[in-house]
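Chain A is the first sequence line, chain B the second, and so forth, proteins listed ahead of strands; every chain is numbered from 1.
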Amino acid sequence: MTQRSDYEAGSYVGGDRVPGQPEKRTLSREVGGYLLGLGLATLLTIASFWADHTREIYASGIAMALLVLTVAQIGIHLIFFLHITTDPDNENNILALAFGVLIVCLIVFGSLWVMIHLNNNLMPMDKVMQMQR
Amino acid sequence: MSTDALRVAQDPALDPARIAPGHVTGRGAGGPAPKRIIVGYGFWIFLLSDVIMFSAFFAAYAVLFKSTAGGPRAHELFDLRNTAAQTAFLLASTFTCGMASLAVGHRNMKWTQIALLVTGLLGFGFIVVEVREFSGFVAQGAGPSRSAFLSSFFALVGCHGIHVSVALLWLGTMMAQFYAKGFRQDIRYRFLCFSLFWHALDIVWVAIFNLVYLVGSLPPELLP
């Protein structure tokens with residue numbers, strides 16, 4: 001307990017541990033966790049910039065590939081930097097995150113869905129202006 | 001046999017007697033959660049509400065992306081060298097912020113201050129590149145008043161920039177508080193919130209550089 005409260009900034013990503021046993025933390029393992037996160041995030045960033053320029057990917061799929069890379073990198077950041085883990089301490093955080101993701105998806109995809117339908121089904125603004133003359 | 005007893009029988013790790021006294025399981029078995037967990041949870045709720053606000057800006061940007069009103073379009077405007085520099089600055093700073101967390105955990109004042117200083121300088125570099133980019137856009141007549149696309153672009157990216165600027169102020173006060181008051185517990189809680197805030201800002205930037213800059217710089221015929 002005393003050992004745990006010595007660390008205020010979440011956990012590193014380490015091996016399994018028995019519930020109830022404090023994690024065995026050493027500085028090198030903690031730095032290693034951050035370095036691993038940095039490496040993975042860098043790789044995904046490079047992949048994003050590569051996907052933007054490459055001709056290897058089916059051209060119309062590049063935007064979707066970038067969306068997938070975004071989600072992947074956000075996951076890496078959540079795990080390695082924000083320390084959202086499967087630790088029981090984190091259960092409430094994960095539930096809140098799930099709710100946040102739901103709201104974000106509703107706002108973004110809901111707005112796009114509604115507005116695309118409006119654009120397709122309503123008269124363009126310049127035509128409306130002409131009729132009002 | 002009650003359900004709880006059944007669960008304990010299936011999974012000995014759930015047995016309260018086997019859990020070290022004072023250890024927190026998050027299910028109430030060890031008593032109330034320590035303040036560190038509660039502070040982190042409260043700030044996490046705030047961060048999620050901040051992310052939801054950003055998602056509204058993202059939605060507005062996505063809806064207005066093609067409403068350029070004859071003005072410059074995204075792929076004519078964006079210079080990905082700026083974006084790459086900003087991404088590198090922020091990614092490096094999120095790592096050094098993690099190093100600062102470790103230094104605080106190990107009560108090492110020298111490395112705490114060094115890591116926070118480097119974090120701040122990298123964040124400042126990010127802001128400098130962003131301000132130069134924005135003033136360049138305004139100078140070529142692509143300011144926020146030019147089109148709905150540019151209004152939503154400046155609102156979204158500018159809102160993130162303001163967040164980073166505020167976080168830089170916060171970072172400065174954290175350095176001063178550690179220096180003046182040492183590793184007091186209440187100050188470590190403040191620092192926990194700061195580090196969460198800084199990492200969350202990097203997450204928002206990941207979405208911005210991918211979905212605004214990289215997708216925006218694709219030729220328009222490739223976009224849905």
### Message
Which atoms of I52(B) are under 4.5 Å from chain A, going by heavy atoms: the side chain, the backbone, both sets, or neither?
### Response
both

### Message
With rounding to the nearest 0.5 angstrom, report the CD1 to NE2 distance, I203(B) to H77(A).
### Response
7.0 Å

### Query
If you count heavy-atom pairs under 4.5 Å with chain A, which of L222(B), L218(B), L196(B), L214(B) comes out on top?
L214(B)

### Query
Parallel, tilted or perpendicular for H199(B) and F81(A), by the 30°/60° rule?
parallel

### Message
How close do V63(B) and S111(A) get, counting heavy atoms only, and between which atoms?
### Response
CG2-O, 4.0 Å

### Summary
Taken to the nearest 0.5 Å, the spacing of N210(B) CG from Q73(A) CD works out to 6.5 Å

### Task
Supply the atom-to-atom distance Y213(B) OH to F49(A) CZ, rounded to the nearest 0.5 angstrom.
10.5 Å

### Task
Output, in order, the C-alpha distance, side-chain angles, deciding distance and verdict of side-chain contact (heavy atoms from CB on, under 4.5 Å) for F95(B) and L35(A).
CA-CA 8 Å; F95(B) 176 74; L35(A) 276 175; 3.6 Å; yes

### Query
Got H53(A) and L80(B) here, is their nearest side-chain heavy-atom distance under 4.5 Å?
yes

#### Entry: Spacing of CG belonging to L66(A) relative to CZ belonging to F209(B), to within rounding of 0.5 Å
9.0 Å

#### Entry: CD1-CH2 distance between I74(A) and W205(B), expressed to the nearest 0.5 angstrom
13.5 Å

### Query
In Å, rounded to the nearest 0.5 Å, how long is the span from CG of L82(A) to CZ of F197(B)?
12.0 Å

#### Entry: Contact leader toward chain A among Y41(B), W44(B), F183(B), where contacts are heavy-atom pairs under 4.5 Å
W44(B)

### Task
Measure distances from L91(B) to the heavy atoms of chain A and classify the residue's part below 4.5 Å as side chain, backbone, both or neither.
both

### Query
Testing V71(A), I76(A), L69(A), T70(A) for side chain to side chain contact (heavy atoms under 4.5 Å, CB included) with V206(B), which one passes?
T70(A)

### Message
Quick one, M99(B) with E30(A), criterion side-chain contact (heavy atoms from CB on, under 4.5 Å). Give me CA distance, side-chain angles, the key distance, then yes/no.
### Response
CA-CA 9 Å; M99(B) 293 301 103; E30(A) 290 168 325; over 6 Å; no

### Message
What part of L44(A) gets within 4.5 angstrom of chain B, counting heavy atoms only: side chain, backbone, both, or neither?
### Response
neither

### Query
Does the side-chain contact (heavy atoms from CB on, under 4.5 Å) test come out yes or no for S217(B) and D52(A), once each step is laid out?
CA-CA 8 Å; S217(B) 67; D52(A) 195 56; 3.0 Å; yes

### Task
Begin with the C-alpha distance, continue with both residues' side-chain angles, and end with the deciding distance and a verdict on side-chain contact (heavy atoms from CB on, under 4.5 Å) for I107(A) and F58(B).
CA-CA 9 Å; I107(A) 290 177; F58(B) 266 104; over 6 Å; no

#### Entry: Heavy-atom proximity to chain A below 4.5 Å, by part of T83(B)
both

### Summary
Looking only at heavy atoms, the pair that brings A62(B) and L112(A) closest together is CB-CD2, 3.6 Å

